[in-house]
Colleague: 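Shown below is the structure under consideration.
Ligands are counted one by one from 1 in listed order, and the atoms in each one are counted from 1 as well.
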Amino acid sequence: MSEDLEAILSLIERHNEWRGRECINLIASENVTSPLVNAVYLSDAMHRYAEGLPFKRFYQGTRYIDELEVRASKLFASLFEAGYADLRPISGTIANATVFTAFGKAGEAAAVLPLSGGAHVSHSEYGILGRLGLKPVQMPIIRDELIPDVDEAVSLIRKASPKLVVLGASVIIFPHPVKEIAEASEEVGAKLIFDAAHVLGLIAGGVYPNPLKEGAHLITTSTHKTFPGPQGGAILTNSEEIYRKVSRLVFPVFVSNHHLHRLAALGVAALELREYGRDYAGQIVRNARRLAEALCERGFKVLGEGKGFTRTHQVLLDVRGDGGGDRCARKLEEANIIVNKNILPWDDPSEIRNLSGIRIGVQEVTRLGMKEGDMDEVAEFIYQVVKLGKDAEEVRRRVMEFRKGFTRVHYAFEASSERIGKLTKLLLS
Ligand code: DSN
């Protein structure tokens, strides 16, 4: 075996062992897929092309893929009580790029949240929205809650007459006021887009309001955060006209082939959420709240205290008094606790080494079976590293021991090893 080959194999083995078995992963935008999702993902479909829409492809050989895409799209749409779903965008950013292109033109205004108020970079001047020449106008936010200030947002929308209004965010601890902002968007003829990447699984589980029911015209999303599917994107809407317009842009403009092995995996993940989503999503929010409380009890400054800290999977810490986000995140990594430093409302987006926040998400540890009592232990580990400055190696040993109790994916279908073997046989032999 060549040195390069050995290095590649061993790097991924080490990664799998470390991130998959030895760390407490609290990155809010990640999750783990179930063994059955993994088995259908690892399929011959990953070798194939199917440009276009089902049954109207530019390639032969897609008969099963066509049926699969129709079925998975219907399942996905029905889970969110949407009329239409396009599963072809290969990421949330591509979904946003498609929708921004469909409904905005260079020089037109788009009402967005500030990056420091939680917006995804694709909604900003630095991302695709800016590159399309759209002019972001920022809706003011309530700083401790990271939600738009309704009165100010409504008056800004009336004044700026944007073509697009974008809600939903990468940093989100409380539901956004979609209903109120939908009314203002309607008045000025803007399309209201809700980026549900972070809260998609919570919507499916009924613990976060469905933006389509509150007046959003479109949901754009990724499919791998609280929704525990393969990495990818999707667009949902109730309007046939919007769906057609968007679909004509997904291909041929933003996606050529749409990574076909995602489709079966998305279908299985949607079925898992249909079956277990309510329990899963409820536990996520209970865990996030308990973690926030436990951290607050240990002297951390946790955002949203006045409203119960969080109603999502996220907990936000202001760690300016603990050395800042970068330093805390690095120290925690040494102890095998994985978080990211994050911008908070008072930070300057261009000062990425100097951010005040730590963003925590509990969706993955919840999927691995952690409950409220375990959140106390997680909070204690964080406290020992950040506040007490305990030796990272000592905490790491305890974290690794703790993780041994959480190795199985919950809220997922049980699949026999025979069935998994049959599904993966052709590719693994
Ligand atoms: N930037 C990612 C996140 O962590 O929220 C989403 O793309």
Colleague: Show your reasoning for whether side chain to side chain donor-acceptor pair (under 3.5 Å) applies to E69 and H258.
Modeller: CA-CA 11 Å; E69 187 165 328; H258 46 288; 2.7 Å; yes
Colleague: Could you check whether E401 pairs with K404 (Lys NZ or Arg NE/NH1/NH2 to Asp/Glu carboxylate O, under 4.0 Å)?
Modeller: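 Looking at E401 and K404, the cut-off is met.
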Colleague: Would you check if L295 and I382 make a side-chain contact, meaning some heavy-atom pair closer than 4.5 Å?
Modeller: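 Yes. Closest side-chain heavy atoms under 4.5 Å.
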Colleague: Under the rule for side chain to side chain donor-acceptor pair (under 3.5 Å), what residues qualify as partners of D149, not counting sequence neighbours?
Modeller: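 D149: no side chain to side chain donor-acceptor pair (under 3.5 Å) contacts found.
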Colleague: I want to check something: taking the side chain as every heavy atom from C-beta on, are S91 and Q231 in contact at a cut-off of under 4.5 Å?
Modeller: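 No. Closest side-chain heavy atoms not under 4.5 Å.
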Colleague: Is it true that R19 and E364 have a side-chain N and a carboxylate O under 4.0 angstrom from each other?
Modeller: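 Not counted as a salt bridge, because no side-chain N and carboxylate O are separated by less than 4.0 Å.
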Colleague: Who are the residue neighbours of ligand 1 when the rule is a heavy atom under 4.0 Å from any of its atoms?
Modeller: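 Under the 4.0 Å cut-off, ligand 1 touches S29, H120, S170, H198, K225, R359.
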